[in-house]
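Below, chain A is the first sequence line, B the second, and so on; all start at residue 1. Since the structure is predicted, the reported quantities are computational estimates derived from the model, not experimental observations.
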Amino acid sequence: MGKEIASRKEDYSQWYNDLIIKGGLADYSAVRGCMVIKPYGFALWENMRDVLDKMFKDTGHQNAYFPLLVPKSLFEKEEENAEGFAKECAVVTHYRLKVNPEKKGSLMVDPESKLEEELVIRPTSEAIIWNTYKGWIQSYRDLPLLINQWANVVRWEMRTRLFLRTAEFLWQEGHTAHATADEAIAETKQMLDVYATFAEEFMGMPVIKGVKSPNERFAGALDTYCIEALMQDGKALQAGTSHFLGQNFAKAFDVKFSDKENKLDYVWATSWGVSTRLIGALVMAHSDDDGLILPPKLAPIQVVIVPIYKGDEQKKAIDEKVAEIVSELKQRGIKVKYDDNENSRPGWKFAEYELKGVPVRIGIGARDLANSVVEVARRDTKEKKSYPMEGLSDSIVSLLDDIQKSIYNKASAFREQNITKADNWEEFVKLLDEKAGFISAHWNGTGETEDEIKNLTKATIRCIPLNNPQEEGACILTGQPSKERVLFARAY
RNA sequence: CGGGGCGUAGCGUAGCCCGGUUAUCGCGCCUGCUUUGGGAGCAGGAGGUCGCAAGUUCGAAUCUUGCCGCCCCGACCA
């Protein structure tokens with residue numbers, strides 16, 4: 001019957017895949033590691049994109065677009081960045097195909113068309129962008145330069161997972177240039193705040209703001225700030241990053257400016273990004289065994305109306321009433337869909353919209369018409385209630401608001417229960433295996449220790465939280481002195 | 001790249017070990033009627049290079065070899 005989805009308990013990965021595929025967000029494609037984002041999934045991405053885009057513009061950024069292909073000689077200029085991404089780059093080596101003389105109907109790479117210089121398909125755009133900035137920046141008057149681009153990037157991952165890690169993904173990447181380190185650091189933190197606000201207020205997903213340990217830092221950055229979220233299986237997910245790049249890229253690409261005193265200096269840089277991975281985060285943060293649970297502020301459909309009728313006469317009467325309700329809701333800016341498709345029956349629609357995570361469902365039948373009420377079901381709690389038609393749009397507005405808050409509170413309570421302190425190695429290992437979530441523990445501050453902990457437990461330092469309280473303690477692995485706790489977790 | 005699983009209609013599957021009529025069943029799809037407050041019922045119907053390629057054989061979904069693809073777990077990573 002219908003679309004079966006795995007339960008979280010039985011098979012978490014399968015549950016996740018089922019929600020994506022059966023919920024209509026995406027499909028597997030003919031290309032290894034790449035997915036097709038279907039209209040419903042893309043509508044969700046568009047909503048996220050629109051909110052973020054406005055936030056970027058409100059903080060003074062402008063959009064631009066840079067090429068997909070990056071000449072290898074540019075790509076390799078910033079050494080750390082190049083080396084960090086080298087092993088996952090797709091590379092264009094030829095520019096032409098030709099008919100294969102040995103096999104009819106097939107094409108082959110034309111060996112004559114070999115490029116003199118290989119082109120790297122961008123895994124990130126710092127190189128091409130900084131090469132461009134060199135021509136745009138001469139004076140302090142050209143600064144700050146605040147640019148964002150919405151783009152696709154390719155990272156040749158060994159193992160992919162729908163939305164969480166695909167070989168090609170959509171994202172935005174901000175790249176800014178500043179006259180001073182302080183200003184660049186302020187920008188880095190500002191954008192981290194934008195991401196955190198977006199995650200919490202729109203996605204309904206609490207995040208921890210922090211800074212990465214040197215091991216986990218973006219290749220080429222001096223500091224990587226991040227927001228970390230917790231998924232329902234107790235694994236952490238990096239949901240967004242904001243990097244302070246220092247003068248690394250300015251030096252690599254020779255981007256200098258004259259200050260007021262006519263002194264030459266390299267500019268200071270930041271970059272920051274979030275990707276379609278956020279959709280994966282959204283799915284895993286709230287959904288249940290019946291399907292997706294989408295936050296009202298991002299849901300492609302916020303309210304669906306399902307008619308229940310016997311015969312054309314009833315249908316007509318319902319249609320008329322629904323037209324009024326729809327126009328009232330639309331006036332309030334609510335995304336509403338009236339599903340009067342006659343090919344499926346009400347029960348099927350109920351299940352389908354639950355699977356798709358539509359926050360509110362309104363059922364309306366002859367009985368309701370007679371009583372001047374509608375049946376309203378909220379997706380998050382599955383609670384059903386009769387609402388009077390009088391003042392319905394007010395009730396729905398406040399219900400959507402309530403759902404938005406309620407799913408945030410639920411996720412937030414879950415996270416609070418899953419941040420646990422560990423004070424020695426046994427506790428740490430036991431917590432990881434039996435409870436998971438974030439584990440707050442002391443660490444001696446070295447990359448070697450972090451590597452060792454990762455080898456032993458697969459847990460990594462997710463972040464050193466901002467405004468972290470300072471306290472004396474001993475590293476859980478080495479017993480060496482430590483001044484603060486950091487957050488460990490197994491992560492996606 | 002290592003380990004595990006899988007590939008039969010749009011989807012999910014039986015058959016394979018032990019080769020032999022017209023490849024099973026369910027969902028979905030088409031037509032008609034009856035239905036419609038939690039994934040409708042009945043009747044009729046359409047839909048298949050059994051992942052691909054060789055081989056063994058009178059005969060291959062089934063046996064052999066090679067290849068391809070996908071999923072899950074791990075290492076790498078956002």
Side-chain angles (χ1 to χ4, degrees), chain A residues 1-6 11-18 20-22 27-35 84-89 123-124 153-173 195 212 215-219 224 226-229 236-243 271-281 290-291 306-312 314-315 318 340-355 361-371 373-375 377 382 384 386 454-455 458 460 462 490-492:
Chain A
M1 283 287 142
K3 303 175 180 174
E4 298 288 335
I5 61 179
D11 190 340
Y12 192 86
S13 305
Q14 190 59 47
W15 167 77
Y16 175 78
N17 285 335
D18 283 350
I20 304 289
I21 301 292
K22 293 175 182 171
D27 249 341
Y28 294 110
S29 77
V31 191
R32 184 209 298 270
C34 296
M35 65 178 179
F85 284 102
K87 58 191 178 303
E88 50 194 76
C89 287
T124 180
V153 289
V154 169
R155 296 182 186 176
W156 211 266
E157 301 288 352
M158 293 189 190
R159 197 181 148 223
T160 57
R161 245 159 119 40
L162 294 166
F163 285 113
L164 294 177
R165 184 171 298 105
T166 45
E168 178 189 8
F169 57 93
L170 304 183
W171 75 345
Q172 60 69 217
E173 46 184 326
Y195 290 154
K212 288 289 187 191
N215 277 16
E216 298 279 320
R217 206 174 269 159
F218 176 75
T224 288
C226 62
I227 52 172
E228 291 285 328
L237 182 87
Q238 179 175 305
T241 47
S242 183
H243 315 290
S271 71
W272 29 274
V274 295
S275 72
T276 36
R277 168 179 254 203
L278 286 180
I279 293 177
D290 294 317
V306 177
I308 300 140
Y309 56 90
K310 294 173 193 172
D312 289 345
Q314 283 191 6
K315 172 70 171 28
I318 293 170
D340 65 343
N341 183 346
E342 295 186 21
N343 295 324
S344 33
R345 298 163 76 258
W348 191 89
K349 292 175 185 173
F350 295 168
E352 183 66 11
Y353 289 109
E354 274 161 17
L355 174 57
R361 184 185 74 233
I362 297 177
I364 178 166
R367 212 162 68 198
D368 303 306
L369 279 187
N371 298 326
V373 297
V374 292
E375 183 192 73
K382 303 199 79 182
K384 282 195 280 197
S386 211
K454 186 179 180 182
N455 288 338
K458 289 167 205 146
T460 50
R462 300 320 305 157
R490 293 193 176 126
Y492 278 98

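- Here A:Ala239 lies out of heavy-atom contact (under 4.0 Å) with every strand.
- Heavy-atom distances to RNA chain B give each of A:Glu216 and A:Ser13 a nearest nucleotide, and the one nearer the 5′ end belongs to A:Ser13.
- Rounded to a whole Å, the CG atom of A:Asp340 is 17 Å from the C1' atom of B:G37.
- For A:Asn455 and B:C76, the CG to C1' distance is 13 Å, given to the nearest whole Å.
- Where A:Lys458 and A:Gly363 each meet RNA chain B at their nearest nucleotide, the meeting point lying more 5' is that of A:Gly363.
- Judged purely by atom type and a 3.5 angstrom limit, A:Arg165 has no side-chain atom pairing as donor or acceptor with the backbone of A:Thr160.
- Look at CD on A:Gln172: it is 15 Å from P on B:A78, rounded to the nearest Å.
- Using a 30° and 60° split on the angle between ring planes, A:Phe218 and A:His243 fall in the parallel class, below 30°.
- For the P atoms, the distance from B:G51 to B:C11 is 13 Å, rounded to whole Å.
- Comparing B:C72, B:G38, B:U36 by their closest approach to the side chain of A:Arg361 singles out B:G38.
- With a cut-off of 3.5 Å on both pairing distances, the Watson-Crick or G-U wobble partner of B:C1 is B:G74.
- Comparing B:A43 with B:C58, their C1' atoms sit 43 Å apart, to the nearest whole Å.
- Nucleotide B:G32: paired with B:C42 (Watson-Crick or G-U wobble, both distances less than 3.5 Å).
- Look at CZ on A:Arg345: it is 5 Å from P on B:A40, rounded to the nearest Å.
- B:G48 and B:U24 are spaced 13 Å apart, taking the C1' atom of each and rounding to whole Å.
- For A:Met158, the listed nucleotide lying nearest its side chain is B:C76; candidates were B:G37, B:C76, B:C71.
- Atom C1' of B:G39 sits at a distance of 23 Å from the matching atom of B:G32, rounded to the whole Å.
- In the set B:A78, B:G38, B:C76, the nucleotide with an atom closest to the side chain of A:Lys454 is B:C76.
- Spacing of P atoms, B:C50 relative to B:U36, comes out at 44 Å, to the nearest Å.
- The environment of CG in A:Asp312 is sparse: at most 12 heavy-atom neighbours from other residues, nucleotides or ligands sit within 6.0 Å.
- In this structure, A:Trp171 and A:Phe169 have perpendicular ring planes: the angle between them is above 60°, well past the 30° mark.
- For B:U62, there is no paired base (Watson-Crick or G-U wobble, both distances below 3.5 Å).
- B:G39 atom P lies 9 Å from atom CZ of A:Phe350, rounded to whole Å.
- Interface remark: the A:Lys384 side chain does form a donor-acceptor pair with the B:G38 base, using a distance-only criterion of under 3.5 Å.
- With both pairing distances under 3.5 Å, B:C11 is matched to B:G26 as a Watson-Crick or G-U wobble pair.
- Within 4.0 Å (heavy atoms only), A:Asp11 reaches no atom of the nucleic acid at all.
- Across all strands shown, A:Arg367 has heavy atoms under 4.0 Å from base atoms, whether or not it also approaches the sugar-phosphate.
- Judged by distance alone, with hydrogens and angles left aside, the side-chain atoms of A:Tyr309 form no donor-acceptor pair with the main-chain N or O of A:Ile364 at under 3.5 Å.
- Taking every side-chain heavy atom of A:Ala351 into account, B:G39 is the closest of B:G37, B:C77, B:G39.
- Distance, A:Trp348 CH2 to B:A40 C1': 14 Å, rounded to whole Å.
- Nucleic acid contact class of A:Thr166 (heavy atoms, under 4.0 Å, all strands): base.
- A donor-acceptor distance shorter than 3.5 angstrom exists from the side chain of A:Gln172 to the backbone of A:Val274, with no hydrogens or angles considered.
- The phosphate of B:C71 has neither OP1 nor OP2 within less than 4.0 Å of any side-chain N or O from A:Asn17.
- Within 4.0 Å of A:Glu342, counting heavy atoms only, lies no atom of the nucleic acid at all.
- A:Lys349 comes within 4.0 angstrom of no nucleic acid atom, judged by non-hydrogen atoms across all strands.
- When heavy atoms are screened at a 4.0 angstrom cut-off, A:Leu164 is found touching base atoms of the nucleic acid.
- Atom P of B:C42 sits at a distance of 16 Å from the matching atom of B:U35, rounded to the whole Å.
- The side chain of A:Arg32 sits closest to B:C70 out of B:C76, B:C71, B:C70.
- Within the 4.0 angstrom heavy-atom criterion, base atoms lie near A:Glu352.
- When atom types are taken as modelled, the side chain of A:Arg155 and the backbone of A:Glu88 share no donor-acceptor pair closer than 3.5 angstrom.
- Using a 4.0 Å heavy-atom criterion, one finds that A:Tyr28 contacts the sugar-phosphate atoms exclusively.
- Rounded to whole angstrom, the span from the CG atom of A:Asn343 across to the P atom of B:A40 amounts to 13 Å.
- As rounded to the nearest Å, B:C16 and B:A23 have C1' atoms that lie 12 Å from one another.
- Put simply, CG on A:Leu355 is 14 Å from C1' on B:G38, counting in whole angstrom units.
- Ion pairing between a basic and an acidic side chain is recognised when a charged N comes within 4.0 Å of a carboxylate O; A:Arg361 and A:Glu352 show no such pairing.
- For the C1' atom pair drawn from B:U22 and B:G15, the interatomic distance equals 15 Å after rounding to whole Å.
- B:C17 is unpaired under the criterion used here, namely a Watson-Crick or G-U wobble arrangement in which both key atom distances are under 3.5 Å.
- In terms of modelled atom types and a separation under 3.5 Å, the side chain of A:Lys212 and the main chain of A:Arg462 share a donor-acceptor contact.
- The residue A:Gln238 sits close only to the backbone: its heavy atoms come under 4.0 Å of sugar-phosphate atoms, none of a base.
- Across all strands shown, B:C50 has no partner, as no Watson-Crick or G-U wobble contact with both distances under 3.5 Å is found.
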